[in-house]
Asks: 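There's a structure below that I have some questions on.
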Amino acid sequence: VLDALKLLPAKIHCRVVIGSGFSDDLKDKVSKQCLSIPFCEIVDEPKNLVTQLKWAEMAISASGLTKYEMALTGVPSLQISYNRELAETTAVYEKEGFYRDLGLYIELTPQGIVDELTKLAKDFKSRKSMIKRGQSLFYGSGMKHFLCALRDGKIDDV
């Protein structure tokens, strides 16, 4: 993803959020790579991820629970899986329409990520639909449906 960000036009502002699960070596590697990305800000272990998500117009994330936080806050996202099992599971939930699955990270190229990000940026209708579908998981009867799915094991990347 960082290699893809280097290919974006210089006036694109981005934030790279470093989570608490990152090792010190990985934090250093990410920080060094971000130095060569214009208009890139590093946010190290934010106290509140929602604040970061509300700042974003779109996001790229490793697939996991963060996709639900993005859905709740109305952030259209591209999800990347770090192993084949997660890629297969994530692809099943993509039909809900609140994110776009890019598949397994080792099968992606920086240009491919840029192409998908550009496609999403240019498709207002899809972004609007992602926001609506994502937030519907949590409002009205959506939250009850979501919690039941968690309880019943239908959402198994938790």
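Treat the numbers as computed from the prediction; the structure is a model and nothing was measured. As a basis for the values below, the full set of heavy atoms in this structure was taken, side chains included, without hydrogen atoms, waters or symmetry mates.
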Asks: Hey, mind stepping through R100 and Q79 against side chain to side chain donor-acceptor pair (under 3.5 Å) and telling me if it holds?
Replies: CA-CA 6 Å; R100 187 173 295 160; Q79 298 292 314; over 6 Å; no

Asks: Would F39 and V17 show up in the same hydrophobic cluster when neighbours are defined by side-chain heavy atoms closer than 4.5 Å?
Replies: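 As far as the 4.5 Å side-chain criterion goes, V17 and F39 are not connected within one cluster.
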
Asks: Is F98 reachable from L65 through a run of I, L, V, M, F, W or Y residues, each pair having side-chain heavy atoms under 4.5 Å apart?
Replies: yes

Asks: Judged by atom type as modelled, is there a donor-acceptor pair below 3.5 Å linking the side chain of S129 to the main-chain atoms of K125?
Replies: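 Flag not set: sc S129 to bb K125 has no pair under 3.5 Å.
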
Asks: What do the steps show when you test K67 against E96 for salt bridge (Lys or Arg N to Asp or Glu O under 4.0 Å), and what is the final call?
Replies: CA-CA 12 Å; K67 72 175 154 271; E96 298 297 327; over 6 Å; no

Asks: Do you know which two heavy atoms are closest between L108 and L102, and how far apart they sit?
Replies: CD2-O, 3.2 Å

Asks: I want to check something: taking the side chain as every heavy atom from C-beta on, are L26 and I18 in contact at a cut-off of under 4.5 Å?
Replies: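 No - every pair of side-chain heavy atoms lies 4.5 Å or more apart.
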
Asks: Measure from NZ or CZ of K27 to the centre of the six-membered ring of F22 and say whether it is under 6.0 Å with the direction within 45° of the ring axis.
Replies: no

Asks: Look at the side-chain heavy atoms of Ile, Leu, Val, Met, Phe, Trp and Tyr, link any pair under 4.5 Å apart, and say whether L49 and L137 land in one connected group.
Replies: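 No; L137 is not reachable from L49 via cluster members.
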
Asks: Does V30 belong to the same Ile/Leu/Val/Met/Phe/Trp/Tyr cluster as I106, with side-chain heavy atoms less than 4.5 Å apart forming each link?
Replies: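 Same hydrophobic cluster.
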
Asks: State, to 0.1 Å, how close A71 and Q135 come at their nearest heavy-atom pair, and which atoms those are.
Replies: O-CG, 3.2 Å

Asks: Counting heavy atoms not belonging to K6, are there more than 12 under 6.0 Å from its NZ?
Replies: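 Atom NZ in K6 is packed in, count exceeds 12.
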
Asks: As an exercise, state the distance from OG1 of T73 to CD of Q52, rounded to the nearest 0.5 Å.
Replies: 11.0 Å

Asks: Please report the interatomic distance CD1(I60) to CG(L117), rounded to the nearest 0.5 Å.
Replies: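 That separation rounds to 4.5 Å.
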
Asks: Given 3.5 Å as the limit, does a donor-acceptor pair link the side chain of R15 with the main chain of I42, or not?
Replies: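 It does not hold such a pair.
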
Asks: Restricting to non-hydrogen atoms, name the atom on L78 and the atom on E116 that form the minimum distance, rounded to 0.1 Å.
Replies: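 In this case the closest contact between L78 and E116 is CD1-C, 4.0 Å.
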
Asks: May I ask you to check whether over 12 heavy atoms, not counting those of E57, lie within 6.0 Å of atom CD?
Replies: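 Not more than 12 within 6.0 Å, no.
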
Asks: Say whether, by atom type as modelled, one donor and one acceptor occur between the side chain of R127 and the main chain of A121 under 3.5 angstrom.
Replies: yes

Asks: What are the two closest heavy atoms between V114 and A4, and how far apart are they?
Replies: CG2-O, 3.2 Å

Asks: Going through the checks in order, is the side chain to side chain contact (heavy atoms under 4.5 Å, CB included) test met by E41 and H13?
Replies: CA-CA 8 Å; E41 176 185 352; H13 291 264; over 6 Å; no

Asks: Any non-hydrogen side-chain atom of L35 less than 4.5 Å from a side-chain atom of S31?
Replies: no

Asks: Specify the closest pair of heavy atoms between Y82 and Y105, including all atoms of both residues, with the distance to one decimal.
Replies: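 Smallest heavy-atom distance, with atoms named: O-CE2, 3.4 Å.
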
Asks: Once rounded to the nearest 0.5 Å, what's the spacing between atom OG1 of T109 and atom CG of L7?
Replies: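 Nearest 0.5 Å value for the OG1-CG distance: 9.0 Å.
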
Asks: Do I12 and I113 belong to the same hydrophobic cluster, where Ile, Leu, Val, Met, Phe, Trp and Tyr are linked whenever their side-chain heavy atoms lie under 4.5 Å apart, directly or via other members?
Replies: yes

Asks: Go through it in stages, so that I can follow the logic: the residues are I80 and S61, the test is side chain to side chain contact (heavy atoms under 4.5 Å, CB included), and I'd like the CA-CA distance, side-chain angles, deciding distance and then a yes or no.
Replies: CA-CA 6 Å; I80 299 173; S61 177; over 6 Å; no

Asks: Please name the pair of heavy atoms, one in S77 and one in M70, separated by the smallest distance, quoted to 0.1 Å.
Replies: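 It is CB-SD, 3.2 Å.
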
Asks: What I'd like to find out is whether the side chain of K29 reaches to under 4.5 Å of the side chain of L2, using heavy atoms alone.
Replies: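 The answer is no; the side chains never approach within 4.5 Å.
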
Asks: Taking Y99 for the side chain and E94 for the main chain, is one N or O donor matched with an acceptor at less than 3.5 Å?
Replies: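 Yes, the answer is positive, given that a donor and an acceptor are paired below the 3.5 Å cut-off.
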
Asks: Go through the structure and list residues passing side-chain hydrogen bond (donor to acceptor under 3.5 Å, both in side chains) with D44, not counting sequence neighbours.
Replies: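 Not a single residue meets the side-chain hydrogen bond (donor to acceptor under 3.5 Å, both in side chains) criterion with D44.
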
Asks: Start with the C-alpha gap between V43 and V16, add the side-chain angles, then the distance that decides, and say whether side chain to side chain contact (heavy atoms under 4.5 Å, CB included) holds.
Replies: CA-CA 6 Å; V43 180; V16 175; over 6 Å; no

Asks: Please assess L8 against C14 for the test side chain to side chain contact (heavy atoms under 4.5 Å, CB included), listing each intermediate value before the final yes or no.
Replies: CA-CA 10 Å; L8 293 174; C14 65; 5.9 Å; no

